[in-house]
Amino acid sequence: MKQEFKPVHGMWASRWVFILAATGSAVGLGNIWKFPYITGEYGGGACVLLYLVCIAVVGIPIMVAEVMLGRKGGLSPIHSMQRVAQQSKVTRRWGVIGYLGALSGFLLLSFYTVIAGWSLYYVWEGASGVFQGASAEQVQAVFADLKASPWMMLLCHTLFMAMTMGVVARGVNRGLEKAVEILMPVLFVLLIVLVGYAATTSGFADGMRFLFAFDFSKLSGEAVVVALGHSFFTLSLGLGAIMAYGAYMPHQIKDSKTGKAKPVSIGSTVLVIAVIDTLVALAAGMAIFPLVFSNGLEPSAGPGLMFESLPLAFGQLPGGALFSCLFFILVACAAWSSSISLGEPLVAWLVERGWKRWRASLLIGALAWVLGIGTVLSFNIWKDDTFLMGTFFDNIEFISTNIMLPLGGLLIAIFAGWIMKETQARKELAMKNFKVYMLWRAVVRIFSPAAVIFLFGWSMWSTFGPDEEPAKGPPAPVEQQQPAPARAADAPADDARVPAVSEGGVNE
Ligand code: TRP
């Protein structure tokens, strides 16, 4: 039963567009919301350094593997995996990597649009001047009211899902490409403006010190797990999003100077993406922490850092209404260019099976929207209906982020390192430097799988193991987390609330 699927989606116009699209996928809530609060909770500079190491030694090699598999397969992740497996003369069952990824992408999409929808609400609130001169209680009340209102959250979720699937429905060239060409420059400009604004505040020096002073005494085993998990999440690894984008990456481009076709190198392209993603995360920290320090707030406020501390800080500063509005537009743009990469692999798969793109987008969007209602209700009506890891949202989030993403990453590394024909991989990567290639190969064969197994084992052990204090473990159920106060004077000192590779914790 051999089916052949033709690539029908189109190709990125250039290597640069691929970089924009993949960076758009990578830069999202993970960078602007999660990275700063993780850094805040795990002691600043030391955590930043760990994260950089994880990106370099695990994230980048696995990203290279994903792009390589996608470009080799040329199709949606499911079909690409089946095709590459076939070419390597192993069972097509390796397509399971694609199926697993499609499922985790679907789960992630369902709640990503809910949280991203909050940023739309905050754009509105910021513009209306609600935060201007507001007290901590008033700012907290805005967040609490939003979470308590299923209808408002549903409205924002619906809007964000429509924005996401609307882009996916228009296809690779007319949709995704156009979107990232507009969103990414807006994002970069806003980020620079906001960092500039933060630089004028009195807390800038403290903010920078907090981010970049490496205090090794603060390093803990838990921080390692958190940093490793986050490096997967932030680079969009483990579910085939980057694989799908890799499939639209041309093998050759015309050299603008000589006019001759030259191969597009995967290694250097991935390096650019990872560097930009990291710079954006650091810049987000540079925009946020100075404001936090200028207002005498605590950096370790947890998941509420962006939705409580930051609006509070903006509200105390001149021009705060404008800048808080700009800040949440930035968050919305970043989340938008990420969420489209969650929808694309599934839609591409259906299109290859003969579906019309708009119909496939409508179906996937509608199904994810329905599942997302569960997340919406987890913050209000179903708040107390907890099972396993906590609320419905906690479970969906835990399963997709903490279990399926690392598992996907592990299988991708194993396939690329052990299963796929070595000659094929080498040819596809076309690395000029053989030593670099051998290093990559050693890392994806041994180091990356070992690191992922460690992460996986640790989070499982600390969650389900006979630990007296499961909340100390990285993927602590959100339920057990304490409220994230806007002023961390209220926060407990030995705060270990944040789930390792999860973005949970927001409903506290
Ligand atoms: N990287 C995005 C962020 O930081 C989230 C994301 C988009 C993602 N696509 C993904 C995470 C695929 C894992 C896999 O917000």
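As the structure lists them, so they are numbered: ligands from 1, and atoms in each ligand from 1.
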The atoms of ligand 1 lying under 4.0 Å from a heavy atom of L342, numbered in the order shown, are 9 (N), 10 (C), 12 (C)
Is there a donor-acceptor pair under 3.5 Å between the side chain of D277 and the backbone N or O of A274? no
Tested for side-chain hydrogen bond (donor to acceptor under 3.5 Å, both in side chains) against Y248, the lone hit among E177, R71, E344 is E344
Which of F327, F131, W33 passes ring pair (Phe, Tyr, Trp, His ring centres under 6.0 Å) with Y122? It is F131
Would you please say whether a donor-acceptor pair under 3.5 Å links the side chains of S76 and E352?
yes
Check: Is the shortest distance from a heavy atom of A26 to ligand 1 less than 4.0 Å?
Finding: yes
Give a yes/no on ligand 1: does F232 have at least one heavy atom closer than 4.0 angstrom to it? no
### Min side-chain heavy-atom separation F160-V114 under 4.5 Å
no
- Kindly confirm or rule out an N or O of V27 lying under 3.5 angstrom from an N or O of ligand 1. no
Quick note on ligand 1: atoms under 4.0 Å from a heavy atom of G30 include exactly 3 (C), 4 (O), 15 (O)
task: Examine L237 against ligand 1 and note whether any of their N/O atoms are separated by less than 3.5 Å.
output: no
Taken in chain and number order and not counting sequence neighbours, the residues that satisfy salt bridge (Lys or Arg N to Asp or Glu O under 4.0 Å) with R441 are none
Heavy-atom proximity to atom 12 (C) of ligand 1, picking from T234, L109, L239, points to L239
The complete set of ring-ring contact (aromatic ring centres under 6.0 Å, His included) pairs with one or both residues in residues 44-67, sequence neighbours excluded, reads F35-Y51, Y51-H230
Taking only non-hydrogen atoms of S341 and a 4.0 Å limit, the atoms of ligand 1 in range are 7 (C), 9 (N)
At under 4.0 Å between heavy atoms, what of L405 touches ligand 1? The answer is side chain
